[in-house]
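All heavy atoms count here, side chains included; hydrogens, waters and symmetry mates do not. Chain naming here is simple, since letters A, B, ... match the order of the sequence lines and numbering starts at 1 in each.
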Amino acid sequence: MTMEKTYQPQHLESQWYSFWEQKGFFKPANQPDRPGYCIMIPPPNVTGSLHMGHGFNNAIMDALIRYRRMQGHNTLWQPGTDHAGIATQMVVERQLGAENLTRHDLGREAFLDRVWKWKEQSGGTITRQIRRLGSSVDWSRERFTMDEGLSEAVKEAFVRLHEEGLIYRGKRLVNWDPKLHTAISDLEVLQEEEKGSMWHFRYPMENGSDSLIVATTRPETMLGDTAVAVHPDDERYQHLIGQNVRLPITGRLIPVIADSYVDPAFGTGCVKITPAHDFNDYEMGKRHNLPLINIFDRDAHVLASFDVLGFDAEQAREACPDGYAGLERMAARKAVVARLESEGLLVKIDPHSLKVPRGDRSGVIIEPWLTDQWYVKANVLAKPAIEAVEKGEIQFVPKQYENMYFSWMRDIQDWCISRQLWWGHRIPAWYDANGHVYVGRDEAEVRQKHSLAADVTLRQDDDVLDTWFSSALWTFSTLGWPAQTPELKMFHPTDVLVTGFDIIFFWVARMIMMSLHLVKDEHGKSQIPFKTVYVHGLVRDSEGQKMSKSKGNVLDPLDIIDGIDLESLLAKRTTGLMQPKMAEAIAKQTRKEFPEGIANYGTDALRFTFCSLASTGRDIKFDMGRVEGYRNFCNKIWNAARYVLMNTEGQDCGQGGEAVTLSLADRWIISVLQATEREVTRQLDAFRFDLAAQALYEFIWNQYCDWYLELSKSVLNDTDATAEQLRGTRRTLVRVLETSLRLAHPFMPFITEEIWQRVAPLAGKQGESIMLQPYPAASGEREDAPAEQTIEWLKAVILGIRNIRGEMDIPPGKPLPVLLRSSDEADRDNVAATRSLLMKMARLENITWLTDDEEAPPSATQLVGKLEIRVPMAGLIDKSAELARLSKEAEKLEKEVERLAAKLANPQFADKAPEAVVEKERQKLREAEGALAHVLEQKGKIEAL
RNA sequence: AGGACCGUAGCUCAGUUGGUUAGAGCGCCACGUUGACAUCGUGGAGGUCACCAGUUCAAAUCUGGUCGGUCCUACCA
């Protein structure tokens with residue numbers, strides 16, 4: 001069986017994946033004596049599809065897992081998906097919308113049926129993508145946040161936290177999304193700078209003779225004003241403090257209060273206070289015990305009858321002034337402004353830019369709104385979570401993200417966990433007819449715990465929990481918690497969490513808090529969820545833009561793996577847009593970036609690209625050129641293997657331990673391989689996937705392929721070679737390749753498996769799969785400094801001759817006579833040791849040594865250390881070309897000599913720098929001076945011709 | 001407003017505790033197809049390491065400042 005001439009990824013990927021999966025290789029080894037190693041996948045939205053960020057994330061996790069698995073750890077990489085409350089519910093509601101239905105038409109139960117159906121239908125997309133990415137996840141342990149077990153864990157966590165007083169229910173101002181009709185957390189609100197106006201209104205005082213001017217960006221909320229605040233030291237308004245304002249339109253009497261929160265220099269120094277519709281005003285209302293007047297309904301339309309509440313809970317109603325009830329916020333704004341203008345109370349309107357809060361899902365303006373919600377007392381949970389990072393029990397990589405974590409955690413706000421949705425974990429709380437609330441794992445437990453008679457009607461809370469509440473339990477709920485399962489004992493705390501910095505607050509911080517509070521080891525000690533958080537950058541497009549569906553610049557990792565033609569890509573990017581008018585711009589951009597569509601690069605090339613982009617930066621501009629480069633790298637490996645197999649299959653490679661003679665080149669490549677193994681493992685341990693990938697690339701391409709394979713030809717094609725020599729070179733070819741494949745496997749699982757299956761037997765290795773083989777570990781015994789020195793010398797000499805060839809335009813195939821001269825004994829030894837390699841690799845006609853005093857013919861010259869390499873010019877070399885080359889060389893050396901001489905002439909340097917550094921500089925100077933003298937001499941001789 | 005991060009070749013990026021002639025890939029120029037690979041080979045060009053000052057014998061690297069960019073947090077109604 002021969003190998004294809006070029007690497008064809010699509011032929012081999014899927015078949016290896018199903019082989020691994022069917023054989024159960026992804027499951028933990030189940031050998032308790034081995035150290036455990038566990039990664040939990042960050043669960044993607046079950047109804048979504050993976051984007052480049054996920055692809056990146058998966059490449060990193062799989063590299064880690066395969067690396068540790070090969071090192072003999074008992075590894076578990078557990079996959080799963082998230083129910084993504086709002087996002088999923090929105091998708092299904094949109095589907096219903098297409099049928100002119102709302103979820104209320106269906107009712108809760110029927111609606112949830114629809115969502116489950118949609119989940120079943122679309123859920124396969126993600127698992128298919130994860131498989132195509134080659135991720136070695138244990139599918140037998142796949143989890144979904146709404147699974148029964150996980151739902152039990154959610155209930156358990158809620159009830160326990162409630163019993164401990166860490167979850168409470170309260171009426172508070174929340175971020176209300178008037179479109180989705182739900183509360184959302186602070187983190188789900190985007191503050192964007194937008195252009196708006198600042199309205200200045202005159203508010204008359206109760207006495208009628210005086211007035212003050214307030215400045216506001218939200219005129220419509222004046223219907224709910226319950227005070228005007230000024231700074232206590234503001235001289236302009238001292239006389240008004242304590243007096244009442246007659247609020248226009250409503251006629252309500254409201255006090256002028258003094259509060260140092262007010263900035264006298266901003267606006268007019270008078271702030272209207274609307275405690276029920278602004279977070280700052282709410283706080284001020286609390287301080288001054290002001291009434292809260294809620295003027296909006298859940299759509300943020302003006303109520304016909306306002307709710308008047310107090311912080312001490314008295315409740316009343318106030319009729320809405322005529323003409324405003326039912327108006328939407330912006331309409332109400334217009335009406336209020338018009339009315340005030342007509343009454344002569346509008347002083348001016350200034351343009352003003354302000355941060356407008358918008359829901360990250362709905363895009364509508366968020367309304368601070370008074371509602372009953374459930375909260376987690378976060379500051380209590382945050383304390384141990386901060387300590388765990390401070391003490392180093394949990395480490396962030398790169399470390400700088402710890403600052404981000406600390407700054408958020410040290411100023412943490414209570415977490416609003418209830419959502420007015422249907423899709424999610426229903427809150428385990430029941431109400432009786434009097435509105436008393438009871439929390440328990442189920443209704444029976446509630447009745448029993450509170451001794452409620454059977455005839456008391458209980459109604460469960462309608463709301464569900466924030467999706468992040470269940471994801472916060474992810475590391476342990478998926479291992480069976482609250483039961484103390486063997487898996488929990490083996491794999492928790494998990495080892496690494498791999499994630500983007502954008503969800504440190506959403507997810508990472510909350511997992512740490514929940515795990516430390518809820519999970520205890522067998523000694524009762526609180527458990528962290530993971531030991532290391534590896535934070536990677538965000539994948540952006542080639543222009544540095546964040547990838548998003550609405551911008552139309554998203555890429556599906558599978559389209560890079562399988563390729564996609566331009567038309568299909570255009571269709572993918574422009575259908576189902578929230579703003580259809582964007583389609584044209586998106587199409588234009590796409591045509592520009594991918595005029596030919598995208599080629600099929602294969603999974604390995606994509607994964608290697610991700611790894612090589614995984615440096616410490618925050619943004620990762622995705623460059624298709626890199627993928628192409630690494631696809632070529634795959635092809636390079638493929639063809640190297642082809643060469644090795646052509647020369648070893650069916651031949652004696654010393655598998656049986658027969659005697660071998662290793663050549664210098666054999667010893668050299670084995671030695672360099674050790675250094676590479678050391679480097680790759682060191683970088684993987686440090687999470688520097690880019691540097692690990694680079695070391696691998698450099699070794700395979702620039703050492704093994706460029707040099708070793710070429711050097712091996714001189715042995716394999718040598719008719720005088722002994723059986724031991726042939727065997728030695730074949731064995732080295734095969735063994736080094738086999739080891740390199742294992743070294744590369746975590747990065748490029750498919751191509752390495754495909755080749756390994758053919759190469760392993762030749763290297764005397766047995767095993768079902770490369771993924772179960774030991775990861776290479778460097779051995780000091782195989783290091784061979786003398787061989788490295790000689791081959792490095794050889795490379796330099798060959799490069800020198802190639803340089804003459806290249807610059808002198810001598811055809812590569814033309815055999816050259818070479819004259820050598822050197823005062824260094826080692827040069828003679830090296831030539832003797834590598835003569836035949838030198839002859840072949842440099843395409844030499846002959847090698848002649850010159851004695852010190854022998855006159856050399858005019859020739860082009862290169863220096864390698866003390867070795868003078870001469871190619872006689874006769875008939876080959878153009879005088880002026882050689883002069884140009886020498887001039888260039890001399891110029892370079894002159895600069896070098898000048899620089900070094902100046903440095904050494906500085907007494908400060910000679911005195912203060914360490915002797916070793918000074919000596920090194922002296923040595924460099926001597927060499928440069930010698931080389932310069934030689935080049936100038938050459939130049940003189942040639943000029944004289 | 002506060003904080004973080006970034007600014008290195010035309011492009012995308014490495015450069016670990018100060019001591020290299022500042023590197024890689026892609027791109028560019030020239031040459032090259034007798035069996036591993038044109039998804040290739042050989043040679044070459046290309047950088048005041050954003051700018052200014054300081055510390056030091058020595059700065060891409062450390063300190064301060066300026067300019068430019070990105071992001072986070074808190075916001076002035």
Side-chain angles (χ1 to χ4, degrees), chain A residues 3 5-7 191 198-199 214-218 221 228-229 261-263 265-274 278-281 284 352 354-355 398 400-401 403-404 407-408 411 501-502 504-505 538 540 542 544 599 601 605 612-613 615-626 628-647 682-683 686 688 690-691 694 697-698 702 705-706 709-710 713 799 802-813 892-893 895-896 899-900 903 906-914 916-918 920-921 924 928:
Chain A
M3 293 171 75
K5 199 173 167 188
T6 53
Y7 164 62
Q191 308 269 1
M198 176 87 88
W199 287 266
V214 297
T216 180
T217 54
R218 295 201 60 195
T221 62
V228 171
Y261 161 80
V262 178
D263 175 2
F266 188 86
T268 61
C270 298
V271 188
K272 62 189 254 345
I273 302 299
T274 323
D278 182 284
F279 289 99
N280 292 310
D281 293 5
M284 195 179 299
H352 181 71
L354 69 165
K355 291 280 174 76
Q400 73 226 29
Y401 288 106
N403 291 330
M404 198 167 156
S407 68
W408 190 70
D411 186 33
F501 63 84
D502 54 330
I504 287 181
F505 307 142
L538 262 38
R540 295 169 183 280
S542 57
Y601 296 107
S612 66
L613 293 173
S615 59
T616 56
R618 213 180 39 185
D619 297 324
I620 295 154
K621 277 196 207 174
F622 194 81
D623 177 8
M624 209 56 81
R626 293 286 287 263
E628 188 178 344
Y630 294 125
R631 189 270 318 264
N632 296 352
F633 180 47
C634 289
N635 187 59
K636 193 73 181 175
I637 295 174
W638 185 260
N639 275 287
R642 219 159 74 91
Y643 167 79
V644 171
L645 289 170
M646 284 165 80
N647 286 287
R682 188 172 76 89
Q683 298 299 357
R688 285 304 301 267
D690 58 330
L691 299 179
Q694 199 187 355
Y697 183 97
E698 149 76 19
N702 301 126
C705 292
D706 282 355
L709 295 191
E710 294 309 316
K713 289 174 187 173
L799 250 27
R802 282 182 187 164
N803 176 269
I804 293 174
R805 243 186 230 282
E807 301 251 318
M808 297 302 113
D809 255 350
I810 303 171
K892 222 194 259 177
L893 286 166
K895 271 192 205 150
E896 176 77 356
R899 194 180 60 84
L900 289 164
K903 195 171 187 180
N906 182 352
Q908 299 274 31
F909 174 70
D911 294 349
K912 294 199 179 173
V917 172
V918 178
K920 204 168 143 195
E921 295 299 298
K924 279 198 259 179

Gap in Å between the two C1' atoms, one belonging to G69(B) and one to U16(B), rounded
26 Å
Starting at the 5' end of nucleotides 24-31 of chain B, put B wherever the base has a protein heavy atom under 4.0 Å, S where only the sugar-phosphate does, and a dash everywhere else.
-S------
Rounded P spacing from U17(B) to U73(B) in Å
30 Å
Check every strand shown and say whether D263(A) touches a base, only sugar-phosphate, or nothing at a heavy-atom separation below 4.0 Å.
base
From CD of Q908(A) across to P of C57(B) the rounded distance in Å is 6 Å
Within the 4.5 Å heavy-atom criterion, are T221(A) and D278(A) side-chain neighbours or not?
no
Once pairs are restricted to Watson-Crick or G-U wobble with both distances under 3.5 Å, how does RNA chain B read as a dot-bracket string, [ ] for crossings and | for other-strand pairs?
(((((((..((((.....[...)))).(((((.......))))).....(((((..]....))))))))))))....
Listed by chain and number, what are the side chain to side chain contact (heavy atoms under 4.5 Å, CB included) partners of A641(A), not counting sequence neighbours?
M3(A), L737(A), I755(A)
Taking G7(B) as the reference, what is the distance to G15(B) when you measure between their C1' atoms (whole Å, please)?
15 Å
Who pairs with S615(A) by side chain to side chain contact (heavy atoms under 4.5 Å, CB included), at least two apart in sequence or on another chain?
R688(A), D690(A)
Rounded C1' spacing from U21(B) to G64(B) in Å
31 Å
Does F622(A) reach the side chain of L613(A), with side-chain heavy atoms less than 4.5 Å apart?
yes
For E896(A) and for R540(A), locate the closest nucleotide of RNA chain B by heavy-atom distance; then report the residue assigned to the nucleotide nearer the 5' terminus.
E896(A)
Below 4.0 Å: OP1/OP2 of G15(B) and any side-chain N or O of R688(A)
yes
When the distance from CG of L900(A) to P of G19(B) is rounded to whole Å, what number comes out?
16 Å
To the nearest Å, how far apart are F633(A) CZ and C40(B) P?
12 Å
Do the non-hydrogen side-chain atoms of V918(A) and F909(A) ever get within less than 4.5 Å of each other?
yes
Atom NZ of K892(A): over 12 foreign heavy atoms under 6.0 Å:
no
Do Y697(A) and Y630(A) make the cut of ring centroids closer than 6.0 angstrom?
yes
Take atom P in A60(B) and the same atom in U8(B), then report the distance between them in whole Å.
15 Å
Of the nucleotides C5(B), C37(B), C57(B), which has the atom closest to the K636(A) side chain?
C37(B)
Can you check the distance between G47(B) and G23(B), where both ends of the measurement are the C1' atom (answer in whole Å)?
11 Å
Which of the following nucleotides, A77(B), U42(B), U21(B), is nearest to the side chain of R899(A)?
U21(B)
Once base and sugar-phosphate atoms are separated, protein heavy atoms under 4.0 Å mark nucleotides 58-63 of chain B, 5' to 3', with B, S and - as ------
Check every strand shown and say whether K621(A) touches a base, only sugar-phosphate, or nothing at a heavy-atom separation below 4.0 Å.
sugar-phosphate
Regarding L799(A), tell me which of base, sugar-phosphate or nothing describes its non-hydrogen contacts under 4.0 Å with the strands shown.
sugar-phosphate
Spacing of the P atoms in C62(B) and U20(B) (rounded, Å)
16 Å
Is the Lys NZ or Arg CZ of K713(A) less than 6.0 Å from the centre of Y643(A)'s six-membered ring, within 45° of the axis?
yes
Could you tell me whether the side chain of L691(A) reaches within less than 4.5 Å of the side chain of Q694(A), counting heavy atoms only?
yes
Out of U39(B), U21(B), U16(B), minimum distance to the side chain of T6(A) belongs to U39(B)
Expressed as a whole number of angstroms, how long is the span from R805(A):CZ to U42(B):P?
13 Å
Is any side-chain N or O of K5(A) closer than 4.0 Å to OP1 or OP2 of C37(B)?
yes
Give a yes or no on whether the backbone of T6(A) and the side-chain of N639(A) come within a donor-acceptor separation of less than 3.5 Å.
no
What contact category does L691(A) fall into here, base, sugar-phosphate, or nothing, at under 4.0 angstrom with non-hydrogen atoms?
sugar-phosphate
Which of C5(B), U39(B), C57(B) is nearest the side chain of N635(A)? It is U39(B)
Whole-Å distance, M808(A) CE to G44(B) P, equals 11 Å
Nucleotide of G44(B), G19(B), G41(B) approaching D706(A) most closely (side-chain heavy atoms):
G41(B)
Considering every strand and a 4.0 Å limit on heavy-atom distances, what is the contact class for K924(A): base, sugar-phosphate, or nothing?
sugar-phosphate
Which atom of C634(A) lies closest to which atom of A605(A), heavy atoms considered:
SG-N, 4.0 Å
Consider the side chain of N639(A), meaning its heavy atoms from C-beta on, and name the nucleotide among A14(B), G41(B), A36(B) that approaches it most closely.
A36(B)
Between U70(B), A14(B), A77(B), which one does the side chain of D690(A) approach most closely?
A14(B)
d(CZ, F279(A); P, A77(B)) in whole Å
15 Å
Does Q683(A) reach a base, just sugar-phosphate, or nothing at all? Heavy atoms under 4.0 Å.
nothing
side-chain contact (heavy atoms from CB on, under 4.5 Å) for L799(A) and R802(A)? Distances and angles first, verdict last.
CA-CA 5 Å; L799(A) 250 27; R802(A) 282 182 187 164; 4.0 Å; yes
Who are the salt bridge (charged side-chain N to carboxylate O under 4.0 Å, His left out) partners of D411(A), not counting sequence neighbours?
none
Would you say that S542(A) contacts D623(A) through its side chain, given a criterion of any heavy-atom pair below 4.5 Å between the two side chains?
no
When you check the phosphate oxygens OP1 and OP2 of A14(B), does a side-chain N or O of S615(A) lie under 4.0 Å from one of them?
yes
Side chain of T216(A) (C-beta onward), nearest among A77(B), A36(B), U70(B):
A77(B)
Answer with base, sugar-phosphate or nothing: what part of the nucleic acid does C634(A) contact at a heavy-atom distance below 4.0 Å?
nothing
With nearest nucleotide decided by heavy atoms, which residue, M198(A) or F505(A), maps closer to the 5′ end of RNA chain B?
F505(A)
Looking only at A36(B), G43(B), C71(B), the nucleotide nearest the N803(A) side chain is G43(B)
For the residue pair I273(A) and M284(A), what are the closest heavy atoms and their distance?
CD1-SD, 3.5 Å
To the nearest Å, how far apart are R802(A) CZ and G32(B) C1'?
13 Å
Taking A45(B) as the reference, what is the distance to C51(B) when you measure between their P atoms (whole Å, please)?
24 Å
Could you state the CD-C1' distance from Q191(A) to U73(B), rounded to the nearest angstrom?
11 Å
